[in-house]
Amino acid sequence: MPALIVGNWKMNGLGEDIAEIAAMAGSGARSVWIAPPFTLVDRAVIVSAGAVKIGGQDCHAKDKGAHTGCVSAAMLADLGATFVIVGHSERRRDNGEGDADVRAKVTAGRSAGLEVILCIGETREQRDAGDTNAVLTAQLAGSLPDEAEGLIIAYEPVWAIGTGLVPTLDDVAAAHAHIRGRLVARYGAAGHGIRILYGGSVTPANAADLLGVADVGGVLVGGASLTAQSLLAIAAAAP
Ligand code: PEP
């Protein structure tokens, strides 16, 4: 299974930046996915022509209704998006989303036929208190859907996102092993088939090391995903 390289553009990108997605799509790189802001999803789907999968950074838990400013998973799918990220720590922090909210979004995404990247991770305080595994266990218990199909987990230590700080490779391996154990406990054999991504300050310089860690099935990349040059350098580092 080739490593999956997922770019999360967050609240970045105007029409002119579609050229970066076109360049990624034209590169021939395999297994590159991009989640641009909602405003660029339709244009990104067109320029990527299937060579790069396009997804949303969030979705509402409901299909439609009186939720001003929100976008549903069905709307993303309608535009040609094929995946959605849910539970990103910036959404948990900025929008007060808890595990039950995240679980509802996972279910909505799957119902709309999207693959779902479910983000979990501990804060610096939780890590320093020795609570990393307990936090990951609780987040998974509260947000995993009934079925393993179409599910991807992203392990993103909150303190590593956008900071330039990265856990040691041993710590990444330990967290992924713990997550794998919880997935197998929950889904049985199907839990072995769920891809687990690492996210947090991934760059072209550290990607090869991180992608070489046991059970790291790919990376979720923020800042370094904004240009084709940078993201393709990360993709090229995949073993
Ligand atoms: C992210 O937004 O999920 C992320 C990992 O960001 P960065 O790569 O900038 O740390």
Side-chain angles (χ1 to χ4, degrees), residues 3-13 17 20-21 24 29 31-41 44 52-59 81 83-95 97 99 102 105-106 109 114-124 126-127 132 135-136 139-140 143 151-169 171-172 175-176 179 195-211 213 216-238:
L4 179 59
I5 313 297
V6 184
N8 170 19
W9 277 18
K10 312 192 187 196
M11 198 172 71
N12 296 292
D17 300 305
E20 298 296 335
I21 295 178
M24 293 171 196
S31 301
V32 171
W33 298 8
I34 295 291
F38 288 132
T39 50
L40 294 181
V41 166
V52 166
K53 286 193 187 182
I54 303 300
Q57 300 171 12
D58 178 49
C59 66
F83 74 95
V84 64
I85 299 169
V86 301
H88 193 284
S89 62
E90 290 159 9
R91 298 242 12 128
R92 294 177 190 256
R93 179 196 68 200
D94 294 349
N95 302 81
E97 294 179 8
D99 292 328
V102 174
K105 292 178 180 217
V106 176
L114 301 176
E115 292 189 74
V116 175
I117 299 176
L118 166 58
C119 301
I120 57 173
E122 82 287 356
T123 63
R124 178 90 252 174
Q126 290 165 334
R127 168 165 287 262
T132 297
V135 168
L136 299 177
Q139 288 180 328
L140 289 170
S143 58
L151 181 66
I152 296 167
I153 304 295
Y155 168 58
E156 297 207 298
V158 177
W159 52 273
I161 295 178
T163 60
L165 302 172
V166 179
T168 66
L169 300 182
D171 283 348
V172 173
H176 280 235
I179 292 166
R195 193 190 285 269
I196 307 172
L197 309 177
Y198 166 79
S201 295
V202 177
T203 67
N206 62 23
D209 286 345
L210 288 163
L211 286 164
V213 172
V216 171
V219 285
L220 180 52
V221 187
S225 73
L226 294 174
T227 67
Q229 184 185 31
S230 172
L231 194 68
L232 292 174
I234 291 171

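We number each residue from 1, following the sequence as shown. Just so you know, ligand 1 is whichever comes first in the structure, and atom 1 is the first atom listed for that ligand.
Regarding atom 1 (C) of ligand 1, its nearest protein heavy-atom neighbour is H88 NE2, 3.2 Å. Looking only at heavy atoms of the protein, atom 8 (O) of ligand 1 is closest to G222 N, 2.8 Å. The shortest contact between atom 9 (O) of ligand 1 and any protein heavy atom is with G223 N, 2.9 Å.
The shell of residues lying under 4.0 angstrom from ligand 1, judged by heavy atoms, includes S201. Residue A160 places a heavy atom less than 4.0 Å from ligand 1.
The heavy atom nearest to atom 2 (O) of ligand 1, out of those in Q57, E90, K10, is found in K10.
From Q126, atom CD reaches atom CG of L136 across 9.0 Å, with rounding to the nearest 0.5 Å.
Between E156 and ligand 1, at least one N/O pair is under 3.5 Å apart. Of the polar atoms of L220, none of the N or O atoms is found under 3.5 Å from an N or O of ligand 1, judged by distance alone.
Side-chain atoms of K105 and E97, non-hydrogen and from C-beta on, do get closer than 4.5 Å to each other. Side-chain contact check for E156 versus L197: every heavy-atom pair is 4.5 Å or farther apart.
Of all atoms in ligand 1, numbered sequentially from 1 with element shown, those under 4.0 Å from a heavy atom of G200 are 5 (C), 10 (O).
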